[in-house]
Amino acid sequence: MMETKLLIGGAFADALGGGTIPCVDPSTGETFAAIPRGQAADIDRAVSAAREALDGDWGTLTAVERGRLMFRLSALILQHADTLAELESRDVGKPLAQAKADVTACARYFEFYGGAADKVHGDTIPYQNGYTVLTLREPHGVTAHIIPWNYPLQIIGRSVGAALAMGNACVVKPGEDASLTTLYLSRLAHEAGFPAGSLNVVTGYGEEAGAALSGHPGINHVSFTGSQEVGVLVQQAAARNIVPVTLELGGKSPQVVFADADLEQALTFVVRASVQNAGQTCSAGSRVLIERPVYERFAAMIAERFKALKVGPALEDHDVGPLINVQQRDRVAGMVAAARANGFPVLAEGTVVESAPQGGFYVAPVLFGDVTPGCAIEQQEVFGPALALIPFDGEEEAVRIANGTPFGLVAGVWTRDGGRQLRMARRLHAGQVFINNYGAGGGVELPFGGVKKSGFNREKGFEALYGFSAVKTVAIKHD
Ligand code: NAD
């Protein structure tokens, strides 16, 4: 197993307190590694190192030089793709093919943002006679990145990639349940030649290292991806220091399937979007609204696929892996039991394979039919492989149900009617709307983020570069 150390100011180190956190393999329930238990003192050191980097080597690099470092990192990620994928698969319990896709996406983020680093620029603004006015886009300074366990590589790529491209110095706190690929990545960044302090990684518990980071007075921006509850705490902590926050929170994203849709085409997307990463995806398409004339037929098609789903150890690369930990497994099992007790018919269930170790955190995918809008399984994020099918009559009802949760992250619409495609795209409450496709987790180039309780501000695409920079207006008076 690799050495697991914090990266602070260009040096690899243990946590000052000397503590560690065990890494549990969700496929077996066994501990297979340990990471440093970073605390407030480690965060202090990391924030100081980042500040020094801004005042030193990192701060003096040109945009093109930053971009080249990121290209180098992207190439190293691809060179180490197999190792990274296996590590992620083991640490998160993600089927190997899905972990490989995450590695490729991570490399692509650094490539995309490396290429963008020298292409973001300000404006000149017409003003009064005798003036020239221009705007500069400047980095915020030290940026904090608090990462969840479900897509560590992708979320670091999208958030740290954009922040570094704009010239910020980063302090990253990965999820305590899945930090290993972040630590591996920090070694690759070191090898790529990033100046000391430009990228710092401190592993640790959320209430220790995470809280210390989000409330640190030396931080100039916080990017948080995770749960709503912690999002509120992070925003409160950042408010005390008056720094901007990006919140990427949960979702209950609808896929709306009209009677005129290409059902065969929709089928693969609908199933994948609900069980990818065992449903532990913020943008999982966890509600499927089906227009009544095709409800029975499409529900039967989905049920057929669900019945065939196999759940098993991540490295064996089945359709679905285990959930991240025992608490998550019990929470999901509880929500599924409650939906059964509500009387919603179970149309199909997947199977846990015989080779799955007893100690692993497995939950078989489950498909509920005839779900009533407003009930728990339709309103709350399960974060597990449970899909709710909801029949509807006509466009008005579809919009009402689709918009009827506290969330607004992603939505999918399946119809051949061009006018309806555009009407639905405008009317749905979501940060992304996919028409006749669905991109849970994908799309490096596509701005991503929520409305309502799913959060605010945007990551991915060029929007993230604007988010990780501040505009300075320079007004020059001359004759
Ligand atoms: P979480 O909120 O428990 O943890 C996220 C991160 O916050 C972890 O690094 C954790 O250590 C840290 N943290 C915990 N307590 C903290 C505190 N008091 N102060 C600062 N940091 C703290 O979330 P999770 O269980 O890791 O992830 C699941 C949630 O994340 C789901 O709700 C999911 O929808 C959401 N999510 C959203 C997106 C998105 O892009 N919108 C992506 C992935 C996951």
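What you see below is based on every heavy atom in this structure, not just the backbone, and it leaves out hydrogens, waters and symmetry mates. Order of listing sets the numbers, starting from 1, for every ligand and every atom in it.
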Considering only protein heavy atoms, which is closest to [atom], and at what distance to one decimal place?
atom                    : result
atom 36 (N) of ligand 1 : Cys282 CB, 3.5 Å
atom 18 (N) of ligand 1 : Leu233 CD1, 3.7 Å
atom 8 (C) of ligand 1  : Ile147 O, 3.4 Å
atom 10 (C) of ligand 1 : Glu176 OE1, 3.5 Å
atom 41 (N) of ligand 1 : Leu249 O, 2.6 Å
atom 25 (O) of ligand 1 : Trp149 NE1, 3.0 Å

Shortest non-hydrogen contact from Asn200 to Ala46? ND2-O, 3.7 Å
Which heavy atom of Val311 sits nearest to which heavy atom of Pro365, and what is that distance? CG2-CD, 3.2 Å
Please check: side-chain N/O of Asn168 versus main-chain N/O of Thr143, any donor-acceptor pairing under 3.5 Å? no
Check whether any N or O atom of [X], backbone or side chain, sits under 3.5 Å from an N or O atom of ligand 1, and answer yes or no.
X      : result
Arg158 : yes
Gln228 : no
Gly251 : no

Does the separation of the ring centres of Tyr438 and Trp414 fall below 6.0 angstrom? no
Could you tell me if the ring centre of Phe12 sits under 6.0 Å from that of His190? yes
Side-chain H-bond candidate by donor/acceptor type, His216 with Asp44, under 3.5 Å: yes
With distance as the sole criterion, is a donor-acceptor pair present between the side chains of Glu88 and Thr181 under 3.5 Å? yes
Taking 4.0 Å as the limit for heavy-atom contacts, which would you say applies to Glu381 with ligand 1: side chain only, backbone only, both, or neither? side chain
Part of Phe383 with heavy atoms under 4.0 Å of ligand 1, whether side chain, backbone, both or neither: side chain
Dump the intermediate steps for side chain to side chain contact (heavy atoms under 4.5 Å, CB included) on Phe448 and Cys282, then the final yes or no. CA-CA 11 Å; Phe448 176 77; Cys282 54; 4.0 Å; yes
Identity of the nearest option to atom 13 (N) of ligand 1, non-hydrogen atoms only, from Ser227, Gly206, Ala284: Gly206
Judged by heavy atoms only, the candidate from Asn150, Ile146, Val172 nearest atom 43 (C) of ligand 1 is Asn150
Does at least one non-hydrogen atom of Pro174 fall below 4.0 angstrom from an atom of ligand 1? yes
